[in-house]
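Proteins come first, then strands; the chains are lettered A, B, ... in the order of their sequence lines, and each starts at number 1.
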There are 2 protein chains.
Amino acid sequence: MKGDQRKKEILKTAAQLFRKKGYNAISMRDLAQALGIKAASLYNHIKSKQEILSLIVMEVAESFTLGIDSISKSKISSIQKLNQIIELHVNITIEHADAISSVNNDWMHLKEPDLDSFIKMRDGYEDKLRKIIKKGIKDKEIADINIEVMLFSMLSTLRTLHLWYSKKQGINKEELCGQMKHILLKGISLDK
Amino acid sequence: MKGDQRKKEILKTAAQLFRKKGYNAISMRDLAQALGIKAASLYNHIKSKQEILSLIVMEVAESFTLGIDSISKSKISSIQKLNQIIELHVNITIEHADAISSVNNDWMHLKEPDLDSFIKMRDGYEDKLRKIIKKGIKDKEIADINIEVMLFSMLSTLRTLHLWYSKKQGINKEELCGQMKHILLKGISLDK
DNA sequence: AAAGTTAACTAACAAGTGTTAGTTTTTCAA
DNA sequence: TTGAAAAACTAACACTTGTTAGTTAACTTT
């Protein structure tokens, strides 16, 4: 369990590199060089390049799945659920900014069974969010605009948060959460 | 000027493939096979793989630049300008859905001088949009929330429109434009 | 029908890919 | 301090990459 430390460094560095150029543009020699070792040495710690991608992407995907599951079943209003979903995204983005890039852009290079599992998680996530919005409309908490447009707009903003967050240092988590909630929810919620 | 026809087919097919797996994951042999020819035959029509990417990305980038320039200098209210920007994105997305994927995810694989030119166009685009928002706030047309959060939220939704548009067939352009305007502007505009 | 042009082909190249085998160095508890 | 375990190394593999050279087939145009 000591070697775990080095493995974590490898995953962290890989995520940084994947973020800049994408999974396929980074060779094992690139990754090794960034760590100051030779490519073959990586294999003392990891099974394959595929495993690296899988560990990076699946961990974050599972965090999202866990988060939305918990929010979904809690007994709060739909608007409060959306607020918590925004917090979930902000938290995961801050903690795994590099990994999220691969979750967005490199997931299609996963191999089975991870690929299938990832897609199921992603679809499941969208569907749970869709149901929350639907219920919010029924309960007159949320405006009756096209659900799919609303869902897409929220998700695309939240999913690409990492592109923008790393560029701005002058904003803290609470402030960011607050402004995201304003932007994403003010246009759709019916009451205060 | 006859060969232009074949060249366009190559670019179109390349954009489709790049969209699915990214520039680096598609080999010249993959591209050739999708066209029913051998890889070497591609070079009767194009100079290099790089040229393919460049033609795909730069054309769309220039459309956006042209569009925002024209909107910027027209004498209409800030809210009207934002409306036109939404229309610009919807139009380009519908016409170049595949290419937009590369504009978002593969631009970093451009070589100089295209890379530099692309980044300048992209930064210029963001800055013009930022100035429109700023003026809208000054003129009390737009709510005085954090400009950068507003800018980012709009852009991330508009830039990833292609991810979602191709999945839905039951929506026409006008309807889409209308709902995007509602979602993106209702939360930030001060009056109707 | 002949000649010329366009666009396909086969074959091959140099360089780069992920990965394995076998060996040496480093780390650190006994 | 010795011996084992961990982690680095060198060298090589089979395969894929973008691209070029040279050749043949398929069209237009005369």
Side-chain angles (χ1 to χ4, degrees), chain A residues 1-58 102 105-115, chain B residues 1-58 102 105-115:
Chain A
M1 303 294 144
K2 243 178 315 183
D4 266 21
Q5 201 49 48
R6 196 73 168 130
K7 188 163 182 174
K8 277 180 192 165
E9 285 180 59
I10 292 175
L11 295 178
K12 189 181 160 195
T13 304
Q16 286 168 2
L17 297 179
F18 292 169
R19 180 183 192 172
K20 271 184 242 161
K21 303 188 153 203
Y23 175 73
N24 272 285
I26 301 297
S27 70
M28 293 302 272
R29 286 164 182 82
D30 292 334
L31 174 56
Q33 193 172 37
L35 287 156
I37 60 176
K38 293 293 157 73
S41 308
L42 292 167
Y43 290 84
N44 286 316
H45 306 279
I46 51 100
K47 272 203 292 291
S48 64
K49 195 187 178 192
Q50 265 296 312
E51 192 204 21
I52 296 177
L53 180 66
S54 171
L55 289 172
I56 290 173
V57 172
M58 299 306 276
S102 289
N105 302 316
D106 292 325
W107 62 268
M108 70 282 275
H109 302 118
L110 290 170
K111 293 261 162 72
E112 301 296 0
D114 286 331
L115 179 57
Chain B
M1 304 299 142
K2 243 177 316 183
D4 266 20
Q5 202 47 47
R6 196 72 169 132
K7 188 164 183 174
K8 275 180 194 164
E9 286 180 58
I10 292 175
L11 294 178
K12 189 181 159 196
T13 304
Q16 286 168 2
L17 297 179
F18 293 170
R19 181 184 190 172
K20 270 184 241 158
K21 302 187 150 204
Y23 175 73
N24 272 285
I26 300 298
S27 71
M28 294 301 273
R29 285 163 182 85
D30 292 335
L31 174 55
Q33 193 172 36
L35 288 156
I37 59 176
K38 292 294 158 74
S41 307
L42 292 167
Y43 290 83
N44 285 317
H45 306 280
I46 51 99
K47 271 203 293 292
S48 63
K49 194 187 177 192
Q50 265 296 312
E51 192 202 22
I52 296 177
L53 180 66
S54 171
L55 290 172
I56 291 173
V57 171
M58 299 307 277
S102 289
N105 303 316
D106 291 325
W107 62 268
M108 70 282 275
H109 302 119
L110 289 169
K111 292 261 163 68
E112 302 295 358
D114 286 330
L115 179 57

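- If you check D:dT20, C:dC9, D:dA7 against the side chain of B:Y43, the one that comes closest is D:dT20.
- Between C:dT6 and B:H45, no contact under 4.0 Å exists linking OP1 or OP2 to a side-chain N or O.
- Of the candidates C:dT19, D:dG18, C:dT10, D:dG18 carries the atom nearest the B:K49 side chain, counting heavy atoms from C-beta on.
- With DNA chain D read from its 5' end, the first of the two nearest nucleotides for A:A40 and B:M28 is the one closest to A:A40.
- Rounded to an integer number of Å, the gap from CD of B:Q33 to P of D:dT17 is 11 Å.
- Between the side chains of A:S27 and A:D30, at least one donor N or O sits under 3.5 Å from an acceptor N or O.
- Checking the phosphate oxygens (OP1, OP2) of D:dT19, no side-chain nitrogen or oxygen of B:R29 falls inside 4.0 Å.
- The number of heavy atoms from other shown groups lying within 6.0 Å of CD (A:Q50) is above 12.
- Taking 4.0 angstrom as the limit, A:S27 places none of its side-chain polar atoms (N or O) nearer than this to OP1 or OP2 of C:dG16.
- Taking atom CD of B:E51 as the reference point, atom C1' of D:dG18 lies 14 Å away to the nearest angstrom.
- Counting only distance, with no hydrogens or angles, the side chain of A:H109 and the backbone of B:K21 share a donor-acceptor pair below 3.5 Å.
- What separates CG of A:D4 from C1' of D:dA7 is a distance of 14 Å, to the nearest Å.
- Under the 3.5 Å distance criterion, the side-chain polar atoms of B:Q33 are left unmatched by any main-chain donor or acceptor of B:R29.
- Following rounding to the nearest Å, A:K38 (NZ) and D:dA12 (C1') show an atom-to-atom distance of 15 Å.
- For the pair B:L42 CG and D:dG18 P, the computed distance is 10 Å after rounding to whole Å.
- If you check every strand for non-hydrogen atoms under 4.0 Å, A:I26 touches sugar and phosphate atoms only.
- A salt bridge links A:E9 to A:R6: one of the charged nitrogens lies within less than 4.0 Å of a carboxylate oxygen.
- Within the 4.0 angstrom heavy-atom criterion, no nucleotide atom of any strand lies near A:L31.
- Here C:dT17 presents its P atom at 17 Å from CD of A:Q50, a figure rounded to the nearest Å.
- Between the C1' atom of D:dT16 and the CG atom of B:D30 lies a distance of 10 Å, rounded to the nearest Å.
- An OP1 or OP2 oxygen of C:dA7 is reached within less than 4.0 angstrom by no side-chain nitrogen or oxygen of B:S41.
- Distance, B:N44 CG to C:dT10 P: 14 Å, rounded to whole Å.
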